[in-house]
Enquirer: 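One structure coming up, written as C-alpha coordinates, with questions to follow.
Hydrogens, waters and symmetry mates play no part in the numbers below; they use all other heavy atoms, side chains included.
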Amino acid sequence: MSTPLLVQALAALSAPALAGATVLGLRVRRERAGAAADRERLTGRIAELEERCAELERTASCDPLTGVWNYRHLQLTLDREIERSRRAEHTDQADGPRPLAVLLLEIAGFDAVLAEHGRARGNAVLRDLAQRLAMEIRRADTLGRYSGEEFLVVLPDTGAEGAVQVAERLVWSVRRHLLLDWSSGTRAPRPAGGNGLTAAVGIAVLPEDGTHAAVLLRSADGALAAARASGGDCWRIAPRSGQSAAGPREQPGSAPQRAPTAERDRSGKPGSLSACTGGDPLPQPVASHTPATVAVPRDVLS
(Lines give C-alpha, C1' and ligand atoms only; values in the text may rest on other atoms or scores of the structure.)
Protein backbone atom coordinates (compact mmCIF):
# COMPACT_ATOMS: atom_id res chain seq x y z
CA MET A 1 0.00 0.00 0.00
CA SER A 2 1.29 3.42 -0.92
CA THR A 3 2.12 5.92 1.74
CA PRO A 4 -0.76 8.37 1.01
CA LEU A 5 -3.29 5.56 1.17
CA LEU A 6 -1.77 4.35 4.48
CA VAL A 7 -1.99 7.85 5.98
CA GLN A 8 -5.60 8.20 4.92
CA ALA A 9 -6.46 4.79 6.39
CA LEU A 10 -4.80 5.62 9.73
CA ALA A 11 -6.56 8.97 9.83
CA ALA A 12 -9.89 7.31 9.21
CA LEU A 13 -9.27 4.81 11.98
CA SER A 14 -7.98 7.33 14.53
CA ALA A 15 -10.83 9.84 14.19
CA PRO A 16 -13.33 7.78 16.22
CA ALA A 17 -10.67 7.10 18.86
CA LEU A 18 -9.89 10.81 19.21
CA ALA A 19 -13.57 11.64 19.43
CA GLY A 20 -14.08 8.98 22.10
CA ALA A 21 -11.09 10.26 24.12
CA THR A 22 -12.45 13.80 23.96
CA VAL A 23 -15.88 12.70 25.16
CA LEU A 24 -14.29 10.64 27.94
CA GLY A 25 -12.17 13.61 29.07
CA LEU A 26 -15.22 15.88 29.20
CA ARG A 27 -17.11 13.29 31.19
CA VAL A 28 -14.27 12.92 33.69
CA ARG A 29 -14.07 16.69 34.16
CA ARG A 30 -17.83 16.90 34.72
CA GLU A 31 -17.71 14.09 37.28
CA ARG A 32 -14.82 15.77 39.13
CA ALA A 33 -16.70 19.07 39.21
CA GLY A 34 -19.83 17.29 40.47
CA ALA A 35 -17.84 15.47 43.14
CA ALA A 36 -16.30 18.74 44.34
CA ALA A 37 -19.74 20.34 44.49
CA ASP A 38 -21.07 17.33 46.44
CA ARG A 39 -18.19 17.53 48.90
CA GLU A 40 -18.81 21.23 49.45
CA ARG A 41 -22.53 20.62 49.93
CA LEU A 42 -21.89 17.77 52.35
CA THR A 43 -19.36 19.86 54.31
CA GLY A 44 -21.91 22.63 54.68
CA ARG A 45 -24.57 20.14 55.72
CA ILE A 46 -22.28 18.58 58.34
CA ALA A 47 -21.48 22.02 59.76
CA GLU A 48 -25.19 22.83 59.92
CA LEU A 49 -25.97 19.54 61.68
CA GLU A 50 -23.14 20.08 64.17
CA GLU A 51 -24.49 23.54 64.95
CA ARG A 52 -28.00 22.17 65.44
CA CYS A 53 -26.66 19.37 67.63
CA ALA A 54 -24.80 21.88 69.79
CA GLU A 55 -27.95 23.99 70.05
CA LEU A 56 -30.04 20.97 71.03
CA GLU A 57 -27.47 19.96 73.63
CA ARG A 58 -27.45 23.48 75.05
CA THR A 59 -31.23 23.78 75.21
CA ALA A 60 -31.51 20.28 76.70
CA SER A 61 -29.22 21.33 79.56
CA CYS A 62 -30.55 24.85 80.22
CA ASP A 63 -33.62 25.93 82.09
CA PRO A 64 -35.80 27.79 79.54
CA LEU A 65 -37.15 30.27 82.10
CA THR A 66 -34.02 31.43 83.92
CA GLY A 67 -31.29 30.60 81.40
CA VAL A 68 -29.13 28.76 83.94
CA TRP A 69 -28.52 25.00 84.06
CA ASN A 70 -31.55 22.76 84.56
CA TYR A 71 -32.24 19.86 86.93
CA ARG A 72 -30.93 17.22 84.52
CA HIS A 73 -27.60 18.96 84.07
CA LEU A 74 -27.29 19.50 87.82
CA GLN A 75 -27.75 15.79 88.48
CA LEU A 76 -25.16 14.81 85.87
CA THR A 77 -22.70 17.42 87.14
CA LEU A 78 -23.14 16.39 90.78
CA ASP A 79 -22.62 12.72 89.96
CA ARG A 80 -19.51 13.54 87.93
CA GLU A 81 -18.01 15.76 90.62
CA ILE A 82 -18.70 13.22 93.36
CA GLU A 83 -17.00 10.51 91.34
CA ARG A 84 -14.08 12.85 90.70
CA SER A 85 -13.77 13.64 94.41
CA ARG A 86 -13.94 10.00 95.45
CA ARG A 87 -11.47 8.92 92.76
CA ALA A 88 -8.94 11.42 94.13
CA GLU A 89 -9.04 9.53 97.44
CA HIS A 90 -7.17 6.66 95.77
CA THR A 91 -4.70 8.82 93.85
CA ASP A 92 -3.29 12.11 95.10
CA GLN A 93 -5.30 12.40 98.34
CA ALA A 94 -3.95 10.73 101.46
CA ASP A 95 -6.51 12.26 103.87
CA GLY A 96 -9.69 11.27 102.05
CA PRO A 97 -11.66 12.44 99.03
CA ARG A 98 -11.36 15.94 97.68
CA PRO A 99 -13.88 18.32 99.30
CA LEU A 100 -17.10 19.13 97.50
CA ALA A 101 -19.84 21.46 98.75
CA VAL A 102 -23.50 21.62 97.74
CA LEU A 103 -25.69 24.68 98.37
CA LEU A 104 -29.47 24.49 98.13
CA LEU A 105 -30.91 28.02 97.91
CA GLU A 106 -34.58 28.95 98.17
CA ILE A 107 -35.93 32.43 97.43
CA ALA A 108 -38.77 33.67 99.65
CA GLY A 109 -41.06 36.63 99.04
CA PHE A 110 -41.51 35.97 95.34
CA ASP A 111 -45.28 35.61 95.68
CA ALA A 112 -45.52 39.36 96.33
CA VAL A 113 -43.65 40.06 93.09
CA LEU A 114 -46.06 37.83 91.15
CA ALA A 115 -49.08 39.48 92.80
CA GLU A 116 -47.84 42.97 91.94
CA HIS A 117 -46.44 42.44 88.44
CA GLY A 118 -48.09 39.26 87.16
CA ARG A 119 -46.62 35.97 86.02
CA ALA A 120 -44.84 37.18 82.88
CA ARG A 121 -43.02 40.05 84.57
CA GLY A 122 -42.41 37.96 87.66
CA ASN A 123 -40.66 35.37 85.49
CA ALA A 124 -38.46 38.14 84.06
CA VAL A 125 -37.51 39.15 87.61
CA LEU A 126 -36.64 35.55 88.45
CA ARG A 127 -34.50 35.25 85.34
CA ASP A 128 -32.69 38.49 86.12
CA LEU A 129 -32.02 37.34 89.67
CA ALA A 130 -30.76 33.95 88.47
CA GLN A 131 -28.37 35.68 86.11
CA ARG A 132 -27.10 37.77 89.02
CA LEU A 133 -26.53 34.70 91.18
CA ALA A 134 -24.61 33.05 88.34
CA MET A 135 -22.16 35.95 88.42
CA GLU A 136 -21.36 35.30 92.09
CA ILE A 137 -19.65 31.93 91.57
CA ARG A 138 -16.46 30.69 89.91
CA ARG A 139 -16.28 29.23 86.44
CA ALA A 140 -15.51 25.88 88.06
CA ASP A 141 -18.80 26.01 90.00
CA THR A 142 -22.24 25.10 88.69
CA LEU A 143 -25.48 26.95 89.44
CA GLY A 144 -28.81 25.71 88.18
CA ARG A 145 -32.52 25.84 88.84
CA TYR A 146 -33.50 22.94 91.07
CA SER A 147 -37.26 23.55 91.18
CA GLY A 148 -39.56 26.55 91.38
CA GLU A 149 -37.64 29.27 93.20
CA GLU A 150 -34.95 26.83 94.38
CA PHE A 151 -31.42 26.81 92.99
CA LEU A 152 -28.61 24.32 93.50
CA VAL A 153 -24.93 25.28 93.52
CA VAL A 154 -22.19 22.66 93.17
CA LEU A 155 -18.80 23.84 94.47
CA PRO A 156 -15.91 21.50 93.57
CA ASP A 157 -12.74 21.58 95.70
CA THR A 158 -14.58 23.55 98.40
CA GLY A 159 -14.94 22.72 102.07
CA ALA A 160 -17.24 24.14 104.73
CA GLU A 161 -15.43 27.47 105.11
CA GLY A 162 -15.48 28.28 101.40
CA ALA A 163 -19.10 27.16 101.09
CA VAL A 164 -20.10 29.51 103.93
CA GLN A 165 -18.48 32.45 102.15
CA VAL A 166 -20.39 31.67 98.95
CA ALA A 167 -23.65 31.20 100.87
CA GLU A 168 -23.28 34.56 102.61
CA ARG A 169 -22.59 36.27 99.31
CA LEU A 170 -25.61 34.67 97.63
CA VAL A 171 -27.91 35.58 100.54
CA TRP A 172 -26.72 39.18 100.40
CA SER A 173 -27.15 39.31 96.60
CA VAL A 174 -30.77 38.13 96.79
CA ARG A 175 -31.62 40.65 99.52
CA ARG A 176 -29.95 43.66 97.87
CA HIS A 177 -30.39 42.98 94.16
CA LEU A 178 -32.22 45.77 92.32
CA LEU A 179 -35.39 44.25 90.91
CA LEU A 180 -36.59 45.09 87.44
CA ASP A 181 -39.30 47.74 87.29
CA TRP A 182 -41.46 48.62 84.26
CA SER A 183 -42.91 51.89 85.54
CA SER A 184 -42.46 54.89 83.25
CA GLY A 185 -42.33 57.42 86.06
CA THR A 186 -39.65 58.34 88.53
CA ARG A 187 -37.80 55.47 90.15
CA ALA A 188 -39.11 54.62 93.56
CA PRO A 189 -36.53 54.76 96.34
CA ARG A 190 -35.01 51.44 97.33
CA PRO A 191 -36.58 50.00 100.51
CA ALA A 192 -34.29 50.33 103.49
CA GLY A 193 -34.56 46.64 104.31
CA GLY A 194 -33.86 45.37 100.80
CA ASN A 195 -36.07 44.42 97.87
CA GLY A 196 -38.57 42.23 99.71
CA LEU A 197 -36.84 38.99 98.69
CA THR A 198 -34.79 36.80 100.99
CA ALA A 199 -32.85 33.59 100.52
CA ALA A 200 -32.41 30.59 102.77
CA VAL A 201 -29.41 28.38 102.02
CA GLY A 202 -28.68 24.84 103.15
CA ILE A 203 -25.08 23.62 102.95
CA ALA A 204 -23.80 20.05 102.73
CA VAL A 205 -20.17 19.02 102.31
CA LEU A 206 -18.58 15.83 101.05
CA PRO A 207 -17.44 13.63 102.75
CA GLU A 208 -18.77 14.80 106.16
CA ASP A 209 -22.43 14.89 105.08
CA GLY A 210 -22.36 11.98 102.63
CA THR A 211 -20.50 10.55 99.68
CA HIS A 212 -23.46 10.03 97.32
CA ALA A 213 -25.64 12.54 95.51
CA ALA A 214 -28.89 11.51 97.20
CA VAL A 215 -27.34 11.70 100.66
CA LEU A 216 -25.73 15.10 100.02
CA LEU A 217 -28.97 16.53 98.64
CA ARG A 218 -30.92 15.18 101.60
CA SER A 219 -28.44 16.77 103.99
CA ALA A 220 -28.60 20.09 102.13
CA ASP A 221 -32.41 19.94 102.15
CA GLY A 222 -32.40 19.37 105.91
CA ALA A 223 -30.08 22.33 106.40
CA LEU A 224 -32.35 24.42 104.15
CA ALA A 225 -35.35 23.49 106.29
CA ALA A 226 -33.44 24.67 109.37
CA ALA A 227 -32.59 27.98 107.66
CA ARG A 228 -36.22 28.38 106.63
CA ALA A 229 -37.39 27.67 110.17
CA SER A 230 -35.01 30.35 111.46
CA GLY A 231 -36.84 32.97 109.41
CA GLY A 232 -34.81 32.80 106.21
CA ASP A 233 -32.28 35.38 105.04
CA CYS A 234 -29.55 33.14 106.43
CA TRP A 235 -27.65 29.93 105.80
CA ARG A 236 -27.44 26.74 107.77
CA ILE A 237 -24.96 23.90 107.43
CA ALA A 238 -26.01 20.28 107.69
CA PRO A 239 -25.54 19.09 111.30
CA ARG A 240 -23.19 16.29 112.15
CA SER A 241 -24.38 13.37 114.21
CA GLY A 242 -25.67 14.65 117.57
CA GLN A 243 -25.41 18.34 116.55
CA SER A 244 -27.95 20.93 115.53
CA ALA A 245 -27.74 22.85 112.27
CA ALA A 246 -25.11 25.56 112.58
CA GLY A 247 -25.44 29.02 111.13
CA PRO A 248 -24.44 32.65 111.51
CA ARG A 249 -27.03 33.31 114.19
CA GLU A 250 -25.60 30.67 116.51
CA GLN A 251 -22.01 31.67 115.85
CA PRO A 252 -22.00 35.25 114.55
CA GLY A 253 -18.96 36.38 112.65
CA SER A 254 -17.37 32.97 112.25
CA ALA A 255 -17.77 29.80 110.25
CA PRO A 256 -19.26 26.76 111.96
CA GLN A 257 -16.90 24.44 113.77
CA ARG A 258 -16.51 21.38 111.60
CA ALA A 259 -13.90 18.72 111.19
CA PRO A 260 -10.89 20.09 109.28
CA THR A 261 -11.44 19.94 105.55
CA ALA A 262 -8.78 20.49 102.92
CA GLU A 263 -9.60 23.76 101.16
CA ARG A 264 -8.70 24.00 97.52
CA ASP A 265 -7.81 27.09 95.58
CA ARG A 266 -11.04 28.88 94.64
CA SER A 267 -9.45 30.93 91.88
CA GLY A 268 -11.00 31.02 88.45
CA LYS A 269 -10.80 27.71 86.59
CA PRO A 270 -12.48 26.41 83.45
CA GLY A 271 -15.82 25.15 84.60
CA SER A 272 -19.56 25.01 84.35
CA LEU A 273 -21.06 28.46 84.28
CA SER A 274 -24.09 28.09 82.08
CA ALA A 275 -23.50 29.15 78.51
CA CYS A 276 -27.05 30.48 78.53
CA THR A 277 -26.30 33.20 81.03
CA GLY A 278 -24.62 35.36 78.43
CA GLY A 279 -21.70 36.55 80.52
CA ASP A 280 -18.62 35.51 82.39
CA PRO A 281 -18.60 35.30 86.18
CA LEU A 282 -16.28 37.11 88.46
CA PRO A 283 -12.69 35.91 87.91
CA GLN A 284 -12.49 34.84 91.54
CA PRO A 285 -14.84 35.07 94.50
CA VAL A 286 -14.75 38.07 96.75
CA ALA A 287 -13.71 37.62 100.36
CA SER A 288 -16.89 39.00 101.86
CA HIS A 289 -20.38 40.05 100.89
CA THR A 290 -20.14 43.75 101.61
CA PRO A 291 -21.91 46.11 99.19
CA ALA A 292 -18.61 47.42 97.82
CA THR A 293 -17.67 44.01 96.44
CA VAL A 294 -20.83 43.29 94.46
CA ALA A 295 -21.37 45.08 91.17
CA VAL A 296 -24.98 46.04 90.49
CA PRO A 297 -26.12 46.55 86.87
CA ARG A 298 -27.00 50.12 86.01
CA ASP A 299 -29.88 49.24 83.76
CA VAL A 300 -32.17 47.89 86.46
CA LEU A 301 -34.62 49.87 88.49
CA SER A 302 -35.29 49.67 92.20
Enquirer: If you look at every heavy atom in Arg236 and Ser230, which pair is closest and at what distance?
Expert: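 The pair with the smallest heavy-atom distance is NH2-OG, 3.2 Å.
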
Enquirer: Hey, are the side chains of Leu133 and Ser173 touching, using non-hydrogen atoms and a 4.5 Å cut-off?
Expert: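 In short, these two side chains touch, coming nearer than 4.5 Å.
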
Enquirer: Could you see if Leu114 belongs to whatever hydrophobic cluster contains Leu197? Use Ile, Leu, Val, Met, Phe, Trp, Tyr and a side-chain cutoff under 4.5 Å.
Expert: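 As far as the 4.5 Å side-chain criterion goes, Leu197 and Leu114 are connected within one cluster.
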
Enquirer: If you count every heavy atom of other residues, nucleotides or ligands that lies below 6.0 Å from Glu48 atom CD, does the total exceed 12?
Expert: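 Counting other residues, nucleotides and ligands, CD of Glu48 exceeds 12 neighbours.
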
Enquirer: Would you mind reporting whether Leu105 and Val153 have side-chain heavy atoms less than 4.5 Å apart?
Expert: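 They are not in contact (no side-chain heavy atoms under 4.5 Å apart), so the answer is no.
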
Enquirer: Show your reasoning for whether side-chain contact (heavy atoms from CB on, under 4.5 Å) applies to Thr198 and Val174.
Expert: CA-CA 6 Å; Thr198 58; Val174 171; 5.6 Å; no

Enquirer: Are Leu224 and Tyr71 connected in the hydrophobic side-chain network, where two residues link if heavy atoms are under 4.5 Å apart?
Expert: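 Yes; tracing contacts between hydrophobic side chains, which count when under 4.5 Å, links both residues.
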
Enquirer: How long is the gap from CD1 on Ile82 to NE2 on His212, to the nearest 0.5 Å?
Expert: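 It comes to 8.5 Å.
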
Enquirer: Tell me whether the count of non-hydrogen atoms from other residues, nucleotides or ligands lying under 6.0 Å of CD in Glu55 goes above 12.
Expert: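 Yes - once you tally the heavy atoms of other residues, nucleotides and ligands closer than 6.0 Å, there are more than 12.
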
Enquirer: Under 4.5 Å between any side-chain heavy atoms of Leu217 and Gln75, yes or no?
Expert: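 When only atoms from C-beta onward are counted, Gln75 and Leu217 do touch, with a gap below 4.5 Å.
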
Enquirer: Counting only N and O atoms by type, is there a donor-acceptor contact under 3.5 Å from the side chain of Arg145 to the main-chain atoms of Gly148?
Expert: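 Between the backbone of Gly148 and the side chain of Arg145 there is a qualifying donor-acceptor contact (under 3.5 Å).
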
Enquirer: Are Thr142 and Leu78 side-chain neighbours, meaning at least one heavy-atom pair lies under 4.5 Å?
Expert: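 Side-chain contact under 4.5 Å: no.
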
Enquirer: Which atom pair, heavy atoms only, marks the closest approach of Phe151 to Ala130?
Expert: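 Closest heavy-atom pair between Phe151 and Ala130: CE2-CB, 3.8 Å.
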
Enquirer: Does the side-chain contact (heavy atoms from CB on, under 4.5 Å) test come out yes or no for Arg132 and Met135, once each step is laid out?
Expert: CA-CA 5 Å; Arg132 179 64 212 174; Met135 295 176 62; 3.8 Å; yes

Enquirer: Hey, what do you get for OG1 (Thr158) to CG (Leu100), rounding to the nearest 0.5 Å?
Expert: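 Taking OG1 in Thr158 and CG in Leu100, the distance rounds to 7.5 Å.
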
Enquirer: How close do Ser85 and Leu206 get, heavy atom to heavy atom, and via which atoms?
Expert: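 Looks like CB-CD2, 4.0 Å.
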
Enquirer: What closest approach, in Å, do Ala163 and Leu155 show between heavy atoms, and which atom pair accounts for it?
Expert: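 That would be CA-CD1, 4.0 Å.
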
Enquirer: Find the distance between CG (Leu104) and CG (Leu216) and round it off to the nearest 0.5 Å.
Expert: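 Interatomic distance, Leu104 CG to Leu216 CG, rounded to 0.5 Å: 11.5 Å.
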
Enquirer: Using 4.0 Å as the upper bound for N to carboxylate O, is an ion pair formed by Asp157 and Arg84?
Expert: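 Salt bridge between Arg84 and Asp157, a charged N being under 4.0 Å from a carboxylate O: yes.
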
Enquirer: Quick check: are there more than 12 heavy atoms from other residues, nucleotides or ligands sitting under 6.0 Å from CG of Asp111?
Expert: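 12 or below, so no.
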
Enquirer: Any idea which heavy atoms bring Ala223 and Ala238 closest together, and the distance?
Expert: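 Closest heavy-atom pair between Ala223 and Ala238: CB-N, 3.6 Å.
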
Enquirer: State the CG-CG distance between Asn123 and Asp128, to the nearest 0.5 angstrom.
Expert: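 One finds 12.5 Å between CG of Asn123 and CG of Asp128.
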
Enquirer: Less than 4.5 Å apart, any side-chain heavy atom of Phe110 and any of Val125?
Expert: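 With C-beta onward as the side chain, the pair touches.
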
Enquirer: Are any side-chain N or O atoms of Gln131 and backbone N or O atoms of Thr66, one a donor and one an acceptor, separated by less than 3.5 Å?
Expert: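 Flag set: sc Gln131 to bb Thr66 pair under 3.5 Å.
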
Enquirer: Where do Ser61 and Arg72 come nearest, in terms of heavy atoms and distance?
Expert: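 Heavy-atom minimum between the residues: OG-NH1, 3.8 Å.
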
Enquirer: Could you state the interatomic distance from CG (Asp141) to OG1 (Thr77), rounded to the nearest 0.5 Å?
Expert: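 So the CG of Asp141 and the OG1 of Thr77 are separated by 11.5 Å.
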
Enquirer: Is there a side-chain contact between Val215 and Asp209 (heavy atoms, below 4.5 Å)?
Expert: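 With C-beta onward as the side chain, the pair stays apart.
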
Enquirer: Calculate, to the nearest 0.5 Å, the distance between atoms CG and CG belonging to Leu126 and Leu65 respectively.
Expert: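 CG of Leu65 is found 5.5 Å from CG of Leu126.
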
Enquirer: Quick one, Arg138 and Pro156 - any side-chain contact, counting heavy atoms below 4.5 Å?
Expert: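 Arg138 reaches Pro156 side chain to side chain.
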
Enquirer: Would a distance-only check, ignoring hydrogens and angles, find a side-chain to backbone donor-acceptor pair under 3.5 Å from Arg169 to Glu136?
Expert: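 Yes: the side chain of Arg169 pairs with the backbone of Glu136.
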
Enquirer: Can Leu143 be reached from Leu76 by stepping across I, L, V, M, F, W or Y side chains whose heavy atoms are under 4.5 Å apart?
Expert: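 No, separate clusters.
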
Enquirer: Hey, does the side chain of Thr211 reach the backbone of Pro207 with a donor-acceptor pair shorter than 3.5 angstrom?
Expert: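 Such a contact is absent between Thr211 side chain and Pro207 backbone.
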
Enquirer: A side-chain contact here means heavy atoms from C-beta on lying under 4.5 Å apart; do Arg27 and Glu31 qualify?
Expert: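 In short, these two side chains touch, coming nearer than 4.5 Å.
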
